[in-house]
Each structure stands twice: as structure tokens, then as C-alpha cells.
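Have a look at the structure below before the remarks.
One-based numbering, in listed order, for ligands and for the atoms of each. Numbering of residues begins at 1 and proceeds along the displayed sequence. Computed from a predicted model, the values in this text were never measured in an experiment.
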Amino acid sequence: MSILEVKNVGKRFGGLQALSDVNLSVAENSVHAIIGPNGAGKSTLLNCLVGKLIPDTGSVMFDGQSVLGRKPYEINQMGISRVFQTPEIFGDLTVMENMLIPCLAKRDGAFQLNGWSRVVGQRDMIDKAEEMLRDMNMIDKRHMPAASMSRGDKRRLEIAMCLAQDPRLLLLDEPTAGMARADTNNTIDLLKQIKDERDITIAIIEHDMHVVFSLAERITVLAQGTPLVEDTPDRIKGHPKVREAYLGESQDAA
Ligand SMILES: Nc1ncnc2c1ncn2[C@@H]1O[C@H](COP(=O)(O)OP(=O)(O)O)[C@@H](O)[C@H]1O
Ligand SMILES: [Mg+2]
């Protein structure tokens, strides 16, 4: 069963058709990767899924409900969380203070959210934040300013901040961009662990083919704003159009 259905989505910026005829179906509890060259429209597509952009045409349904026209925080409360391409943590705040932000947002949104009743009081909120940091092996860093951490740890914190909201769909925009190989491998392990331990669907935009082939069950290749092909990793690897349009370039760039 699919949890996310994108149908015929198009988006134009002035004279540029950034997305056209985008159809995408993401199966519940799967990891679905979206790959494609720079400028293919990957981030634009993600922006359309989280209410940051409204497509000119088409529909985006999450769990049978349209996300279009909803504000980002409403989409968040529907169960979609997103890690941005540029880290969105507060560098001057400590790791723990950052972690409390989504817990607070979740508490204040609790009255509108079905089935969420666990994190209600301040003590519960702190417990939840500490539990998340422990899960991420970051509890020892809780008093550090977030800005002083490595890129890998910042990403980890961001992912933890998303997970604190118990999303059903986690969207990641190039989570390993600019990371050292060791941090990238830690991120792969972390995402595998999240996948194993939670009822969660992950849609990931990723440039690093090692990450894609380590995690994805299904891959959509976007080229010039349109899906070129969607298939399993094994078939994507051997697909002539994909090799020509993307993998060749990625190998050079990697
Ligand atoms: N807000 C915007 N205004 C104008 N052009 C944009 C905007 N956002 C993205 N674009 C353009 O749309 C195309 C797709 O961009 P993007 O979705 O960021 O690609 P990707 O994430 O695949 O690298 C690019 O040509 C980019 O310059
Ligand atoms: Mg992008």
C-alpha cells in the first residue's frame, strides 16, 4: 500500500519548467530514493510535499489526504517530517535545547493530533528529548552548543529532531552532502536502525550512490523535472538510460 501518491505534479519558476508530469508512489514502510543530476528538480519536488511550494498542477496525497494548500506545520502534524538540504538547527543553542524544540511543537500540537498523548508535561518533554539523544548516542553532547559539533553530528541531531515528532514519513534531502566517509557510513547505519525499529517510511534524495544502494528498496530517477524511470536498485544499476543520464556523471563527481 502506498502512503504517498504524487500525480501529474508540475511546477514552473518564471520561464523554467522545474517539474512536469511527476508521478510518484511511495510504499508504506519502504525506503524510496529519488536521484538525479543537479537541477533535476529533486528539492523542488520535496518542497511541494511539505507545503513550502504549491505545485501549479497535479495532486499530492499523504495517507489518502491532500497536502496541497496546507501550511508546513499542518503537514508536519499529519505525520511528515523533513530534514532540509541545509542544516536547520540553532547553532547558539545547546544540543538539548535544540532537541526540546520539536518536543515542544509536538506538545502544543497535541490537541489537534489523533492518538498522541505521551509527551504532555514539561518533565515528559525533557524525558522525550533525553530519550531521543540517548537513541542517537548523543546524550554526552547535550550541553554542547550545536554549532560546535561535526557535520555528521549536526545531521544526526536534525534527524533526531524530526523523529521526536514520531513521523510516519521522513523526508531527507541529501543527508550525507559534505560529509566525510565515516560520517556517511554512520548515517547509513543510523537510517537502517531507524527503519528497523520504527513504523516509518523514508523518502531520501541522495547524490551518493553508495548511500542509495545501501538503503533504497525503490529508486526514482528524475531528469529535467520528469521521472525517467522508477525501479528496484538492481534494475536501476543496469538501466542504459540511467547510466547515460546520471550514473556516469555521478561516478565522475563522486
Ligand atoms: N525558488 C526558485 N526560483 C527559481 N528557480 C528555482 C527555484 N528553486 C529551484 N529553481 C530552479 O529549478 C531547478 C530545479 O532545482 P532543484 O529542485 O533545487 O534541483 P535539485 O534539487 O535536483 O538539484 C533548477 O534549475 C533551479 O535553479
Ligand atoms: Mg536539491
Check: Do any nitrogen or oxygen atoms of Gly39 come within less than 3.5 Å of a nitrogen or oxygen of ligand 1?
Finding: yes

Check: Of all the atoms in ligand 1, which lie at a distance below 4.0 Å from a heavy atom belonging to Asn38?
Finding: 23 (O)

Notebook entry, point to check: Quick one: does ligand 1 sit under 4.0 Å from the side chain of Ala18, the backbone, both or neither, non-hydrogen atoms only?
Noted result: side chain

Check: Any heavy atom of Gly36 sitting closer than 4.0 Å to ligand 1?
Finding: no

Check: Has Gln17 got more than 12 heavy atoms of other residues, nucleotides or ligands less than 6.0 Å from its CD?
Finding: yes

Checklist line | Side-chain donor or acceptor of Lys42 paired with backbone N/O of Ile35 under 3.5 Å | finding: no

Margin query: As an exercise, identify every atom of ligand 1 less than 4.0 angstrom from a heavy atom of Thr44.
Written below: 9 (C), 14 (C), 15 (O), 16 (P), 17 (O)

Next item on the list: State whether the side chain of Lys71 and the backbone N or O of Gly51 hold a donor-acceptor pair below 3.5 Å, judged by distance alone.
Entry: no

Next item on the list: Return yes if some donor-acceptor pair links the side-chain N/O of Asp173 with the main-chain N/O of Ser43 below 3.5 Å, else return no.
Entry: no

Next item on the list: Assess Ser43: does it contribute an N, O or S atom lying under 2.8 Å from the Mg ion (ligand 2)?
Entry: yes

Notebook entry, point to check: Does the N or O separation between Leu16 and ligand 1 drop below 3.5 Å for any pair?
Noted result: no

Next item on the list: Return yes when atom CG of Leu16 has more than 12 non-hydrogen atoms of other residues, nucleotides or ligands closer than 6.0 Å, and no otherwise.
Entry: yes

Checklist line | Asn186 and Arg155 side chains, donor-acceptor separation under 3.5 Å | finding: no

